[in-house]
Protein chains: 2
Amino acid sequence: MSRPKEFIPDEAIEKALQVFWHKGYEATSMEDLLTAMDLNRGSLYDTFGDKRQLFLKVIDRYCHGFVGEKFSLLDQPGPALPTLRLFIRGMIEGGLADPQRRGCLIANTVMELSPHEKEIAGTLRQVLKMAEDTFFRVLARAKQQGELKKDKDPRALARFLTTMLQGTIVMIKAGAPADAVNQTAETALSILD
Amino acid sequence: MSRPKEFIPDEAIEKALQVFWHKGYEATSMEDLLTAMDLNRGSLYDTFGDKRQLFLKVIDRYCHGFVGEKFSLLDQPGPALPTLRLFIRGMIEGGLADPQRRGCLIANTVMELSPHEKEIAGTLRQVLKMAEDTFFRVLARAKQQGELKKDKDPRALARFLTTMLQGTIVMIKAGAPADAVNQTAETALSILD
DNA sequence: TCCATAGTGGAACGATCGGTCAAGTATAAA
DNA sequence: TTTATACTTGACCGATCGTTCCACTATGGA
């Protein structure tokens with residue numbers, strides 16, 4: 001072994017995540033990252049590779065940490081539909097509570113990079129599919145448990161909720177009033193009745 | 001008078017629109033614009049100002065031309081709800097038909113610039129409000145004409161449709177399969193029944 | 001025909017971009 | 001204590017960014 005790092009890679013990634021989340025990929029400069037992560041160029045390039053590789057690590061962290069953690073709540077046994085409603089409301093409440101209205105890093109990145117970055121686009125598509133599939137499981141369970149009417153289509157509803165969530169993020173970033181966003185969420189959720 | 005322009009400003013703006021729509025604001029360089037618009041630096045700066053001013057003109061053109069034109073169809077007399085359904089399906093069909101999946105310039109710009117460009121953000125918020133208000137008018141008319149059930153709330157539904165459209169744009173840019181997007185649109189429209 | 005006007009074309013600006021590199025330094029193992 | 005290893009630091013790279021500026025050219029009116 002040799003001289004140990006003076007920073008904790010995980011914490012540095014987290015700092016980078018905050019910057020990318022706030023400013024987007026292109027608008028974030030290496031200078032921004034160096035400042036926020038509080039390390040020097042050499043350390044950054046040696047440890048994380050170039051800007052693009054760092055961003056991939058950030059995306060990975062965001063998906064597995066931030067998002068995956070919350071979505072895993074949906075797969076727990078118990079009443080399905082109330083949990084789903086709480087989840088949706090919680091996500092939106094969280095988005096509205098952010099004073100910077102940064103929205104969701106996944107949606108932000110889809111909009112900024114998907115047309116030109118096929119690899120990243122593929123990753124993001126998988127994440128959105130994962131979200132849809134999680135919604136599908138909880139809806140199928142709700143149907144099985146008699147919480148959801150028999151004529152409802154879990155797959156269609158799962159897709160609907162995924163799309164709805166993305167739309168809400170756009171509206172939040174556009175600066176829509178909180179009460180309008182909440183009303184829209186309730187309107188969307190009414191489709192589960 | 002003096003020497004006339006060798007280009008048509010309106011056509012040049014249209015070319016710039018295509019580039020910004022495809023690549024976004026930051027990722028579009030003046031070089032890209034000069035090439036696409038087929039004019040030289042001097043002419044561009046003299047006629048349209050700097051990059052930001054040009055972008056504002058592009059946004060304006062997109063809103064009044066592209067979007068305003070289509071939304072104006074909703075205010076015509078006659079059956080309201082079928083027209084609204086056709087409109088929504090048409091918008092989504094159009095988005096799916098674009099091989100580049102560029103989505104909507106307004107949504108793209110909201111996601112890229114809203115947090116940092118307050119002036120542009122304000123403009124875009126107005127445009128989204130205009131969309132919501134147009135949906136509201138057609139829904140209120142539908143209710144008045146007995147096409148929409150009495151217990152439906154036109155304002156809530158208008159907001160819902162606006163949000164839904166934005167979400168669909170995200171999914172289209174994310175590369176979602178056409179049939180999934182269409183199914184989601186039908187699920188969303190079923191809320192009008 | 002001549003001139004004022006304005007468009008054209010391209011060189012050049014400073015700033016910033018992402019990325020590289022080598023010299024210096026601190027650490028753990030031998 | 002020595003040595004191999006790898007982190008730190010900051011100067012520096014070429015490329016590209018948006019923008020300015022000026023010599024040149026073409027046009028319509030006097």
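Because only heavy atoms are used, hydrogens play no part in the values below, and waters and symmetry mates are left out as well, while side chains stay in. Chain letters run A, B, ... following the sequence lines, proteins first and then strands; every chain starts at 1. Predicted model, so just to flag it, every value in this text is computed and none were measured.
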Those residues at least two apart in sequence (or on a different chain) that pass side chain to side chain contact (heavy atoms under 4.5 Å, CB included) with Val181(B) are Ile92(B), Leu96(B), Thr168(B), Ile172(B), Ala176(B)

**Message:** At 4.0 Å (heavy atoms only), tell me whether Asn40(B) reaches a base, stays on the sugar-phosphate, or touches nothing.
**Reply:** base

Atom CZ of Arg52(B) and atom P of dT19(D) are separated, to the nearest Å, by 11 Å

Sequence neighbours excluded, the answer for side chain to side chain contact (heavy atoms under 4.5 Å, CB included) partners of Gln76(B) is Leu73(B)

Show each protein N/O and nucleotides 12-17 of chain D N/O combination with a separation under 3.5 Å, one pair to a line.
none

Here the distance between atom P of dG18(D) and atom CG of Leu33(B), to the nearest Å, is 8 Å

Sequence neighbours excluded, the answer for side chain to side chain contact (heavy atoms under 4.5 Å, CB included) partners of Arg41(A) is Met30(A), Glu31(A), Leu34(A)

So, with a heavy-atom separation below 4.0 Å from DNA chain C, the residues of residues 10-25 of chain B are none

Separation of dC7(D) atom C1' from Asp38(A) atom CG, nearest Å, is 15 Å

Whole-Å distance, Phe55(A) CZ to dG19(C) P, equals 14 Å

Angle between ring planes, Phe160(B) versus Phe160(A), binned at 30° and 60°: parallel, tilted or perpendicular? tilted

Side chain to side chain contact (heavy atoms under 4.5 Å, CB included) filter on Glu11(A), not counting sequence neighbours, yields Ile8(A)

Salt bridge (Lys or Arg N to Asp or Glu O under 4.0 Å) pairs touching residues 158-175 of chain A, sequence neighbours excluded, are Glu132(A)-Arg159(A)

Of Asp46(B) and Gly49(B), the one whose closest nucleotide on DNA chain D sits nearer the 5' end is Gly49(B)

Rounded to whole Å, the CG-P distance (Asp50(A) to dT20(C)) equals 7 Å

Here the ring-ring contact (aromatic ring centres under 6.0 Å, His included) pairs for residues 120-153 of chain B, sequence neighbours left out, are Phe71(B)-Phe135(B), Phe87(B)-Phe135(B)

Contacts satisfying ring-ring contact (aromatic ring centres under 6.0 Å, His included) that involve residues 89-132 of chain A (not counting sequence neighbours) are His116(A)-His22(B)

From CZ of Phe48(A) across to P of dC7(D) the rounded distance in Å is 11 Å

note: Tyr45(B), atom OH; dC13(C), atom P; distance rounded to Å ~ 17 Å

To the nearest angstrom, the CG-P distance between Leu44(A) and dT20(C) comes to 12 Å

Exactly one candidate in Lys149(B), Lys152(B), Arg85(B) meets salt bridge (charged side-chain N to carboxylate O under 4.0 Å, His left out) with Asp193(B); the answer is Arg85(B)

